[in-house]
Every structure is written in structure tokens, then in C-alpha cells.
Amino acid sequence: MPVAFDVRRFESIDSTNTWVLEQARSGAPEGLVAVADHQTAGRGRLGRVWEAPAGANLLMTVLLRPAVVSYRSLACVALAARDACADVTGGAVTPDLKWPNDLLVDGAKLAGVLAETDGAGAVAVGIGLNVAWAPPGAALLGADVRRDDVVDALLSSLGRWLEVSDASVASAYRAACATIGRQVRVSLVDGEEFDGVAADVDDAGRLLVEVNACLRTVDVGDVVHLR
Ligand code: BT5
């Protein structure tokens, strides 16, 4: 059955991910969506802050209840956001994906995806996408783009990706992922850093990096595209 999206709008909220996780714990169904004009505690991965002035950007979180909690949920939202950008700009902007969770335009960050679980099978997949404002060095879609059009385009594409097989989602993610084939610098959470060539993203969403003819598997980390 296709997912029916139930969109709730907030003028101001702490974090759309926090709200959706709370609703998930209270038994809310798949397809609940929070969209906010402003977040007072928007967050990225690893305790980082997500910045966006009130009313400027897309800030949304979708509640999914996948059969198996995996990288698939994040990949579907990233692919849907990429489609939505192409859709609302008439094909002018088709972002690249960057492992693990970014959308890039000409190498600059346009959007970040944050997938969090409630520990009981639900996944809150949040996306912050710069529409009318971006911090220095980041990208934006364009002040003439309507945020509601991005929401509509993203959810209609997401509905389609959620119907697609795991293998097709994984191959679409790989095809759109600009990290694969690149010389990268990887930073792990324990502070270790190393350089290598990103060889692939496996079906669990881990980055495989070739370092001195050996493959290292990266579960959680940050990547800089070199050259
Ligand atoms: C992410 O984390 O990129 C995931 C961001 C997810 C934000 C959405 S908004 C709706 C939902 N509710 C939430 O509370 N969160 C989600 P990460 O890969 O850790 O990147 C975070 C880093 O990106 C920050 O440390 C900054 O360096 C940078 N950053 C912050 N705001 C940005 C922006 N608007 N555009 C580009 N980069 C930004």
C-alpha cells in the first residue's frame, strides 16, 4: 500500500525530528510529516547544530516504519529530495549525493539528512534544505522557489521510492553518489583520519574506502572530497 502522508505544520518548534520521534513513541503511523518555519534546536549528526533563519528554508521530518531498519530510509529521502530539487527548478539543479547524508550543488552543501530511530522500529528522517538562505560556503536552491512546492515534490517522489525494491534504491543511491570513485579524507568519531579512494557504498550503507590496496569499511564518519 502506498504511504499516505499526513503533513503537520509548525511556525516554531524545537526540532521536527524530536517531535516526530515523540509521536512515533506514542504509536503514530508511518507517513506523519512535520514541517517547520523555524527550529529553536535544529540538529545535525553527532550533536551538531543545523542553522536556518525563520521562514527561509525547508525543515521537515517524515516518520517511516520500514520492515527492517536500515540505510534505505535515509537513501529514499535523499533521492526524493534530489528529485524535488530537479522538479522545482525545471531541471536546473540536480544535486549530487555525498556519503553519508548530504546533498551537494557544485561541491557545496545544499541539504543534510538526519535519520534517527526510536529503538522500536520507527525511523524519523529529517531533512534541512537551503531554499532562500545558506551559511557561507553552502548552497541554496533559490529565493524564488516556494518551499511548499519543494515539500509537495519531495513527498510525491518519496512515495514512489518507498515502493521500490531495496536493490533498486541502493543502486540509485550509488549512481547519484558523488563520493564513489573520489579521493577522500575520512574522519572517524574517535578522531582517527585517513585518506583513500571511496570504492563503494555497501547494502548496509557503509562506505568502502580503498587504502593501500586494502578496503576499510566506514560505518559512521565524515568525509571530505579531495581534488
Ligand atoms: C546534517 O548533519 O547534515 C543533518 C541535518 C538535518 C537537519 C534537519 S532540519 C529538520 C530536521 N530536524 C532537525 O532537528 N534536524 C533535521 P551533519 O552532517 O552533522 O552536518 C551538520 C553541519 O552542517 C553543521 O555542523 C554545520 O557545519 C553545517 N550546517 C549547519 N547548518 C547548515 C545549513 N543550513 N546549510 C549547510 N550546512 C549547514
Side-chain angles (χ1 to χ4, degrees), residues 5 7-24 32-64 71 73-82 84-85 93 95-118 122-143 145 147-148 150-151 154-155 158 177-179 184-189 201 205 207 218-225:
F5 294 108
V7 181
R8 310 293 178 89
R9 292 172 190 279
F10 299 86
E11 217 170 284
S12 183
I13 196 169
D14 50 357
S15 152
T16 53
N17 265 46
T18 301
W19 185 81
V20 166
L21 281 170
E22 280 165 12
Q23 300 302 307
L32 181 66
V33 180
V35 176
D37 280 342
H38 184 236
Q39 295 182 126
T40 54
R43 60 174 179 268
R45 293 177 301 135
L46 310 166
R48 295 172 189 143
V49 172
W50 188 257
E51 291 179 74
N57 291 343
L58 178 78
L59 305 165
M60 77 186 277
T61 301
V62 182
L63 171 57
L64 298 176
Y71 194 65
S73 300
L74 187 155
C76 284
V77 170
L79 287 165
R82 178 175 190 262
C85 291
V93 177
D96 292 321
L97 305 185
K98 173 176 176 259
W99 187 90
N101 66 321
D102 291 349
L103 277 74
L104 302 184
V105 177
D106 295 332
K109 184 158 172 166
L110 173 75
V113 182
L114 176 67
E116 298 177 303
T117 65
D118 71 344
V123 187
V125 192
I127 179 161
L129 191 154
N130 301 329
V131 176
W133 176 90
L140 54 76
L141 213 46
V145 171
R147 284 179 297 152
D148 283 351
V150 185
V151 172
L154 197 160
L155 292 178
L158 180 59
C177 182
T179 308
V184 292
R185 175 157 302 147
V186 178
S187 309
L188 302 180
V189 270
V201 173
L207 186 67
V218 184
D219 239 316
V220 183
D222 283 301
V223 154
V224 176
H225 291 171

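Remember, it's 1-based here, ligands and their atoms both numbered in the order they're listed.
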| request: Carefully, step by step, assess Arg45 and Asp222 under the rule side-chain contact (heavy atoms from CB on, under 4.5 Å). | output: CA-CA 10 Å; Arg45 293 177 301 135; Asp222 283 301; 2.4 Å; yes

| task | May I ask whether Leu46 has any heavy atom positioned less than 4.0 angstrom from an atom of ligand 1? | result | no

| task | Please answer whether the main-chain N or O of Ala34 pairs with a side-chain N or O of Arg8 as donor and acceptor at a distance below 3.5 Å. | result | no

| task | Kindly confirm or rule out an N or O of Glu51 lying under 3.5 angstrom from an N or O of ligand 1. | result | yes

| task | Report, in ascending order of atom number, the atoms of ligand 1 lying under 4.0 Å from any heavy atom of Ser15. | result | 12 (N), 13 (C), 14 (O)

| Quick one: does ligand 1 sit under 4.0 Å from the side chain of Ala134, the backbone, both or neither, non-hydrogen atoms only? | neither

| task | Identify, by atom number and element, the atoms of ligand 1 in contact range of Thr16, meaning under 4.0 Å from any of its heavy atoms. | result | 10 (C), 11 (C), 12 (N)

| query | Any N or O of Trp133 that comes nearer than 3.5 Å to an N or O of ligand 1? | reply | no

| note | Closest to atom 8 (C) of ligand 1 among protein heavy atoms sits Gly128 N, 3.5 Å

| task | Considering the heavy atoms of Asn101, write down every atom of ligand 1 situated less than 4.0 Å from one of them. | result | 1 (C), 2 (O), 3 (O), 4 (C), 18 (O)

| task | Answer yes or no: does an N/O atom from Asp222 fall short of 3.5 Å to an N/O atom of ligand 1? | result | no

| field | Proximity to ligand 1 by part of Asn17, non-hydrogen separation under 4.0 Å | value | both

| With backbone taken as N, CA, C and O and side chain as the heavy atoms from C-beta onward, which portion of Val113 lies under 4.0 Å from ligand 1: side chain, backbone, both, or neither? | backbone

| query | What is the nearest protein non-hydrogen atom to atom 24 (C) of ligand 1, stated with its residue, atom name and distance? | reply | Val49 O, 3.5 Å

| field | Contact with ligand 1 for Gly42, non-hydrogen, under 4.0 angstrom | value | yes

| remark: min-distance protein heavy atom vs atom 12 (N) of ligand 1 -> Gln39 OE1, 2.8 Å

| Going by the atom numbers of ligand 1, which of them fall below 4.0 Å from some non-hydrogen atom of Arg48? | 17 (P), 18 (O), 19 (O), 21 (C), 25 (O)

